[in-house]
Amino acid sequence: MIILKLGGSILTNKNSKKAEVNYTNLNRIANEIKNALINKGMDNFINNNSSDQGLVIIHGAGSYGHPPAKKYEIGKNFNNDEYPKKRIGFSKTQICVKKLNTIICDILVNHGLPCVSIQASSFITTKNKRINNFNLDSIEKYIDEGFIPVIYGDVVLDDELKVAVLSGDQILQYIAINLNLSSKSNKKEVILGTDVNGVYTKNPKKYDDAKHIPVLTSLDDIDELDSTTNIDVTGGMIGKIKELLELAEIGIESKIINANEHGAILDALNNKNIKGTKIK
Ligand SMILES: Nc1ncnc2c1ncn2[C@@H]1O[C@H](COP(=O)(O)OP(=O)(O)OP(=O)(O)O)[C@@H](O)[C@H]1O
Ligand SMILES: C=C(C)CCOP(=O)(O)O
């Protein structure tokens, strides 16, 4: 079972205040995923043969979701008289990330990948920003039938905060821990594509002396817990690492790679040893 996260910094121009898709990356990565599935003999997605492998894709919100979520402060406490404005902000943010997901699924399907869109805001809830209700049945059924579920960072109802932002990284962690498949291998390969070569001792975009960390086992390995350089309402790289370290604690390894590198997704899906950071 492959769990693949495509970061918003790859699929969109995350620095942009406008919602901008990086179509060059998206089309290249769609092609790499398809070629990897064929190499792995998982082309049942295309030829409808049985296979014991499955794939679920999670993507970030990038410049589609983070700006509106920040503008309306989704997830921050608010007074009751502010709820009408907060609801509109929630609705606008949900539409923005849904638009991004539709564009991504269109491109993946046009590359022959039988993707199905899964909208977190329609069935997942959180309590204090942590998932407390996420039924995996439909995702498991889709995978058993040879589809590729594509779920994404979204806004959700929160039992304490009323509304919150749910990151793709938290969705990835929950799926990696809880997904159980009847007809596919449950051994999980967790791969996250972002726009840097993995984790460094500090932000490599801000510090020339940042050193690459090939294997990360603790936040102590990082000198400076820096936020991401773009608009990010879900914790950026540090938020990502925290989710992945919780996976490592229960024996599920993951790897952060640079999906800007041509062929990186293809090689990672084909278990080639490529530059990145293993979290274990
Ligand atoms: N110690 C660090 N090592 C590596 N990158 C870091 C570090 N600190 C901050 N960063 C920044 O984190 C960014 C990647 O995190 P980000 O959350 O933006 O990735 P993403 O998964 O593509 O986005 P999203 O979570 O929205 O899908 C890099 O562009 C980098 O500038
Ligand atoms: C900003 C929203 C709505 C979702 C954030 O998800 P992420 O980009 O995976 O962190």
Side-chain angles (χ1 to χ4, degrees), residues 4-16 19 22 25-26 29 57-75 89-101 104 119-121 124 126 129 131 150-156 158 163-175 191-207 209-214 216 219-244 254 256-260 265 275-277 279:
L4 174 64
K5 165 100 190 286
L6 301 176
S9 65
I10 287 297
L11 300 177
T12 73
N13 176 359
K14 205 173 169 183
N15 297 311
S16 164
N22 185 324
N25 274 355
L26 179 52
I29 290 168
I57 295 174
I58 300 139
H59 68 78
S63 56
Y64 273 71
H66 289 270
K70 186 175 176 67
K71 176 182 174 186
Y72 289 95
E73 297 187 314
I74 306 291
F90 182 100
S91 301
K92 286 183 175 182
T93 306
Q94 187 202 44
I95 287 171
C96 288
V97 293
K98 186 167 61 172
K99 276 181 184 167
L100 175 60
N101 175 257
I104 291 169
Q119 186 185 42
S121 46
I124 299 173
T126 55
K129 301 184 183 180
I131 292 170
V150 181
I151 187 169
Y152 51 98
D154 200 347
V155 282
V156 293
D158 187 283
V163 294
V165 175
L166 175 60
S167 74
D169 296 327
Q170 186 181 165
I171 292 172
L172 174 141
Q173 186 213 73
Y174 189 91
I175 288 176
I191 300 163
L192 298 91
T194 186
D195 65 345
V196 286
N197 290 331
V199 185
Y200 289 72
T201 51
K202 43 194 168 183
N203 189 342
K205 285 184 184 166
K206 286 167 75 172
Y207 303 99
D209 62 341
K211 290 183 180 50
H212 181 256
I213 303 171
L216 185 131
L219 278 178
D220 297 341
D221 299 338
I222 297 173
D223 294 345
E224 194 154 318
L225 296 182
D226 188 16
S227 63
T228 187
T229 23
N230 347 83
I231 295 181
D232 193 291
V233 296
T234 52
M237 180 58 84
I238 299 308
K240 195 185 314 297
I241 292 166
K242 288 175 180 171
E243 302 291 354
L244 300 177
S254 55
I256 299 175
I257 63 169
N258 187 341
N260 266 326
I265 293 282
K275 182 156 189 176
T277 295
I279 291 90

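Computation of the quantities below employed the complete heavy-atom set of this structure, encompassing side-chain atoms and omitting hydrogens, waters and symmetry-equivalent molecules. Atoms within each ligand, like the ligands themselves, are counted from 1 in listed order. If you read the sequence from its start, that first residue is 1, and numbering goes on from there.
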With only distance considered, is Gly153 within less than 3.5 Å of ligand 2 through an N or O on each side? no
So is His66 polar-close to ligand 2, meaning N/O to N/O under 3.5 Å? yes
Reported [atom1]-to-[atom2] distance for the pair [X] and [Y], which is rounded to 0.5 angstrom:
X: Ile124; Y: Leu166; atom1: CD1; atom2: CG; answer: 5.5 Å
X: Thr12; Y: Asn22; atom1: OG1; atom2: CG; answer: 8.0 Å
X: Ile29; Y: Ile265; atom1: CD1; atom2: CD1; answer: 5.0 Å
X: His59; Y: Leu100; atom1: NE2; atom2: CG; answer: 5.0 Å
X: His66; Y: Ser167; atom1: NE2; atom2: OG; answer: 8.5 Å

Those atoms of ligand 2 less than 4.0 Å from some heavy atom in Asp154: 3 (C), 4 (C)
Compare every heavy atom of [Y] with every heavy atom of [X], then report the nearest pair and how far apart it is.
X: Gln170; Y: Ile131; value: OE1-N, 2.8 Å
X: Gly193; Y: Ile10; value: O-CG1, 4.1 Å
X: Gly153; Y: Ala61; value: O-CB, 4.4 Å
X: Gln94; Y: Ser121; value: NE2-OG, 2.8 Å
X: Val165; Y: Ala69; value: CG2-CB, 4.0 Å
X: Ala210; Y: Lys202; value: CB-O, 3.3 Å

Taking 4.0 angstrom as the limit and counting only heavy atoms of [X], give me the atoms of ligand 1 inside it, by number and element.
X: Gly60; result: 27 (O)
X: Gly7; result: 20 (P), 21 (O), 22 (O), 27 (O)
X: Asp195; result: 14 (C), 28 (C), 29 (O)
X: Val196; result: 4 (C), 5 (N), 28 (C)
X: Pro204; result: 3 (N), 4 (C), 5 (N), 6 (C)

Measure the distance from atom 10 (O) of ligand 2 to every protein heavy atom, then report the residue, atom name and distance (to 0.1 Å) of the closest one. Thr234 OG1, 2.5 Å
Shortest protein heavy-atom distance from atom 2 (C) of ligand 2, along with the residue and atom involved: Val165 CG1, 3.5 Å
Heteroatom proximity flag, [X] to ligand 1, N/O under 3.5 Å:
X: Tyr200; result: yes
X: Thr201; result: no
X: Ile10; result: no

Heavy-atom distances under 4.0 Å decide this one: backbone, side chain, both or neither, for Thr93 against ligand 2? side chain
Counting heavy atoms only, which of [options] comes nearest to [atom]?
atom: atom 15 (O) of ligand 1; options: Met237, Lys202, His59, Lys211; answer: Met237
atom: atom 9 (O) of ligand 2; options: Ser9, Ala164, Gly168, Gly236; answer: Gly168
atom: atom 20 (P) of ligand 1; options: His66, His212, Glu243, Lys240; answer: Lys240

Does Thr201 reach the main-chain N or O of Asp223 with its side chain, forming a donor-acceptor pair under 3.5 Å? no
Exam field: side chain Asn197 to backbone Lys275, donor-acceptor pair closer than 3.5 Å: no
May I ask whether [X] places a heavy atom under 4.0 Å from ligand 1?
X: Ser167; answer: no
X: Lys5; answer: yes
X: Gly236; answer: yes
X: Lys206; answer: no

Is it the side chain, the backbone, both or neither of Asn203 that has a heavy atom closer than 4.0 Å to ligand 1? both
Proximity of Lys205 to ligand 1 by residue part, where a heavy atom lies under 4.0 Å: side chain
Check: Leu192 and Asp169 side chains under 4.5 Å, non-hydrogen atoms: yes
